[in-house]
Amino acid sequence: MSESRWKKFYQAVRNVPRGRVASYGQIAELAGFEGHARQVGYALHALPANSGVPWHRVVNAKGEISPRSAGDSHELQRMLLEAEGVKFDGKGRVERRYFIHSKT
DNA sequence: AGCGTGACGCAGG
DNA sequence: ACCTGCGCCACGC
């Protein structure tokens with residue numbers, strides 16, 4: 001199945017340290033599939049809740065929690081991130097410095 | 001086998 | 001800094 005492709009994404013997500021976030025694009029890049037950010041989103045959507053993958057550390061390039069087509073997981077995501085010390089600005093965006101590539 | 005869809009990203013205006 | 005349009009590509013119908 002194409003699940004093996006998704007496993008690369010999941011593996012990349014596991015590499016995101018606690019208290020940090022990465023964009024879908026960064027995950028795709030780290031997994032060796034640069035430009036496939038959309039597929040990362042698809043893979044995470046198909047991810048079982050108890051997979052052990054820190055999916056909540058993945059946000060879009062704007063630093064915003066991507067809106068779901070359904071479900072309430074975006075609320076849970078913000079909760080989990082804040083629990084790790086990640087802060088949001090007034091517009092609900094994660095500050096740049098929390099991104100794994102950010103030097104500050 | 002074709003068409004629309006989506007947890008995205010980037011370039012332009 | 002914000003909004004819009006186009007590109008990407010696997011999945012489901």
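All chains are named by letter (A, B, ...) in the order of the sequence lines, taking the proteins before the strands, and each is independently numbered beginning at 1. Computed over heavy atoms, backbone and side chain alike; hydrogens, waters and symmetry mates excluded.
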A/Ile100 vs A/Pro17 side-chain heavy atoms within contact, under 4.5 Å: yes
Atom [atom1] of [X] and atom [atom2] of [N]: how far apart are they, to the nearest Å?
X	N	atom1	atom2	value
A/His101	B/dG9	NE2	P	13 Å
A/Glu64	C/dA1	CD	C1'	13 Å
A/Trp6	C/dA10	CH2	P	11 Å
A/Asn60	C/dC8	CG	C1'	17 Å
A/Lys62	C/dT4	NZ	P	12 Å
A/Glu34	B/dC8	CD	P	18 Å
A/Ile65	B/dC8	CD1	P	12 Å
A/His74	B/dG6	NE2	P	17 Å

From [options], nucleotide with atom closest to [X] side chain:
X	options	answer
A/Arg93	C/dG12, C/dC2, B/dC8	C/dC2
A/Lys91	B/dC8, C/dC2, C/dG12	C/dC2
A/Tyr24	C/dC2, B/dG9, C/dA10	B/dG9
A/Gln39	B/dG6, B/dG9, C/dC2	B/dG6

Sugar-phosphate, base or nothing in reach of A/Ser23, heavy atoms under 4.0 Å: sugar-phosphate
Touch class at under 4.0 angstrom, heavy-atom based, for A/His45 against every strand present: base
Closest approach of A/Phe99 to A/Val94 (non-hydrogen atoms, all atoms of both residues): CE1-O, 4.3 Å
Heavy atoms of other groups near A/Glu82 CD, more than 12 under 6.0 Å: yes
A/Glu84 side chain to A/His56 side chain, donor-acceptor N/O pair below 3.5 angstrom: yes
Distance test, side-chain N/O of A/Ser66 to OP1/OP2 of B/dC8, below 4.0 Å: yes
Short side-chain to backbone donor-acceptor contact, A/Ser23 and A/Gln26, under 3.5 Å: yes
Base C/dG7 to side chain A/Arg38, donor-acceptor N/O within 3.5 Å cut-off: yes
